[in-house]
**Q** 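Here it is, the structure in full.
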Amino acid sequence: MSDLYRSAMHARIAKIPQLPPDPYDDDDEDEEDEAADSIGALPSISGMGPPPARLPRTPNPEYEPVSAAAYFSDAVQVEVPESKLDVCVYYTPPQTADGSAGSVMVCHHGAGFSGLSFALFAKEVTQLTKGELGVLSVDARRHGKTVPTGGSPDEDLSLDILVEDLCNLLQVVFADPTAAPSLLLVGHSMGGAVVVRVAPRLIAAKYRVAGVAVLDVVEGTALDALPHMPAILNSRPEGFDSVSDAIEWHITAHQIRNIASARVSVPSLIVPTPEPRAPRARAFTWRTPLRTTGPYWEGWFKGLSGAFLAARTARLLVLAGTDRLDRELMIGQMQGKFQMVVVPNTGHMLHEDDPATLAQTLVEFWRRNERVVGGIKKVGDL
């Protein structure tokens, strides 16, 4: 969920670095004002009024947002009746010399982020494969530009619902399994929990699944970190004066370490604050307030290792650091049931921090497995 989340996953909560102070935090001023107050200084009733308006910060041009148009061929809204959603999809279709359906990498983001977190990564994949491998990145419900249809609620972010959503979407986009491209499923954090459950359902529906890749999440360390997440989220600003401010915070707080990616992805993480605004409210607030997703955290990650190892396709685990594998994964790795790669010098958002290295890793994984779409793989077969 953030670079601090990565620290929590390492079970080194006591060593978590402090986030930069909220640039809008007026607590110190308030404390000084309280210290200076006295009974004799209280204003008369007639002199009381609303608090003075807070002046917005001047945006920093270094953090101006950048359009995602250069990173995908299309950005479309796909109506998914079964899920009662209008899903935002970013798509670069595969270009094949023989006219075949080819292969498509399906990317699912983590909690609080959006499909645009894969924007720079998608362009790297397209360049490395000369367009042979397509990329489809989605905004999950309550994220990005995906919206409910017909006034239906979309608050439920339970794992079963997210799995249904992705299955339903792919069955709309690629309606005929026999004519569909082979699919390489890629999920970051929460998205990893989704894709490992989607894989067997697609296989059962006769889709060709070339592999499943999970980015920077391990069940054991994720579950250990959950009790600490509310305290971590309390360090986040409630809102921002501008889109540029939001981009700047993500960089200075080390949520994302690549400014080029942040300028593309962060604008999709915030929305204008609904009117009427409170007197000191910021102009923009979070699209997906992470505190509201708390009831679903355990459900996302519980059983993840077993589901990953049970997927009857090639399996890849990509980590940003030397995570402690839980017992199931340690045994699975010793048995050669999956490939593991560590991308150094990155944080939790490794696909944003170093899109080139991750693209190289996943393209190599795809090339080794594009023609093998069933059975349990061993490292030597990957």
Side-chain angles (χ1 to χ4, degrees), residues 6 8-12 103 105-108 110 133 159-160 163 166-167 182-226 298-344 346 348 350-351 357-382:
R6 151 132 318 277
M9 289 176 64
H10 283 180
R12 295 197 296 266
S103 301
M105 187 181 295
V106 178
C107 302
H108 195 298
L133 176 58
L159 182 59
D160 288 345
V163 169
L166 186 55
C167 286
S182 66
L183 304 176
L184 175 58
L185 307 178
V186 180
H188 171 248
S189 195
M190 175 195 76
V194 174
V195 298
V196 299
R197 271 79 172 198
V198 166
R201 295 183 54 163
L202 292 178
I203 293 171
K206 307 304 181 184
Y207 287 88
R208 294 175 297 145
V209 178
V212 60
V214 173
L215 307 183
D216 210 49
V217 62
V218 171
E219 177 184 344
T221 47
L223 291 175
D224 288 345
L226 294 185
E298 183 175 356
W300 292 340
F301 303 117
K302 193 171 184 179
L304 172 58
S305 294
F308 174 64
L309 294 172
R312 298 188 63 82
T313 186
R315 296 172 288 268
L316 172 66
L317 176 62
V318 185
L319 302 175
T322 53
D323 266 27
R324 295 175 299 129
L325 298 184
D326 55 39
R327 185 174 183 273
E328 275 190 280
L329 290 183
M330 288 181 67
I331 294 173
Q333 187 183 31
M334 289 187 290
Q335 294 175 339
K337 290 186 175 180
F338 66 94
Q339 179 186 359
M340 187 176 80
V341 175
V342 175
V343 180
T346 58
H348 184 51
L350 55 86
H351 52 307
T357 297
L358 182 64
Q360 183 70 48
T361 298
L362 284 174
V363 167
E364 290 174 358
F365 177 71
W366 164 70
R367 290 195 189 283
R368 287 194 295 270
N369 295 283
E370 61 178 324
R371 293 179 178 85
V372 185
V373 293
I376 299 176
K377 310 296 185 298
K378 295 186 177 181
V379 169
D381 299 324
L382 294 177

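Because the structure is predicted, anything quoted here is derived from the model rather than measured.
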**Q** Side chains of L316 and N369: does their closest heavy-atom pair fall under 4.5 Å?
**A** no
**Q** So how far is it from L166 CG to R201 CZ, rounded to the nearest 0.5 Å?
**A** 10.0 Å
**Q** How far apart are the closest heavy atoms of L350 and A320, and which atoms are they?
**A** CD2-N, 3.6 Å
**Q** Counting only N and O atoms by type, is there a donor-acceptor contact under 3.5 Å from the side chain of E219 to the main-chain atoms of G303?
**A** yes
**Q** Got V195 and V106 here, is their nearest side-chain heavy-atom distance under 4.5 Å?
**A** no
**Q** Looking only at heavy atoms, what is the nearest atom pair of G211 and F365, with distance?
**A** CA-CE2, 4.2 Å
**Q** Got D326 and L223 here, is their nearest side-chain heavy-atom distance under 4.5 Å?
**A** no
**Q** Could you tell me whether the side chain of L309 reaches within less than 4.5 Å of the side chain of L329, counting heavy atoms only?
**A** yes
**Q** Can you name the residues that form a side-chain hydrogen bond (donor to acceptor under 3.5 Å, both in side chains) with T361, not counting sequence neighbours?
**A** none
**Q** Hey, does the side chain of T313 reach the backbone of V209 with a donor-acceptor pair shorter than 3.5 angstrom?
**A** yes
**Q** Can you name the side chain to side chain contact (heavy atoms under 4.5 Å, CB included) partners of A359, sequence neighbours left out?
**A** F121, E124, V125, L128
**Q** Considering only heavy atoms from C-beta outward, does the side chain of E370 approach that of L133 to under 4.5 Å?
**A** no
**Q** Quick check against the 3.5 Å criterion: does H188 have a side-chain atom that pairs as donor or acceptor with the backbone of H348?
**A** yes
**Q** For K337, does its backbone N or O pair with a side-chain atom of R315 as donor and acceptor, under 3.5 Å?
**A** yes
**Q** Ignoring hydrogens, what is the shortest heavy-atom contact between L362 and A213? Give both atom names and the distance.
**A** CD2-CB, 3.6 Å
**Q** If I take atom CG from residue D216 and atom NE2 from residue H351, how far apart are they, to the nearest 0.5 angstrom?
**A** 9.5 Å
**Q** Taking it one step at a time, do L159 and V194 satisfy side-chain contact (heavy atoms from CB on, under 4.5 Å)?
**A** CA-CA 7 Å; L159 182 59; V194 174; 4.1 Å; yes
**Q** Taking the side chain as C-beta and beyond, is there a heavy-atom pair between L304 and R197 under 4.5 Å?
**A** yes
**Q** Would a 4.5 Å heavy-atom cut-off, applied to side chains only, mark W300 and V217 as touching?
**A** no
**Q** At what distance, to the nearest 0.5 angstrom, does CG of L325 lie from CZ of F338?
**A** 5.5 Å
**Q** Closest heavy-atom contact between S189 and G110?
**A** CB-CA, 4.3 Å
**Q** How many angstroms lie between CG in L183 and CE in M105, if you round to the nearest 0.5 Å?
**A** 11.5 Å
**Q** Heavy atoms, side chains only, cut-off 4.5 Å: are Q339 and R368 in contact?
**A** yes
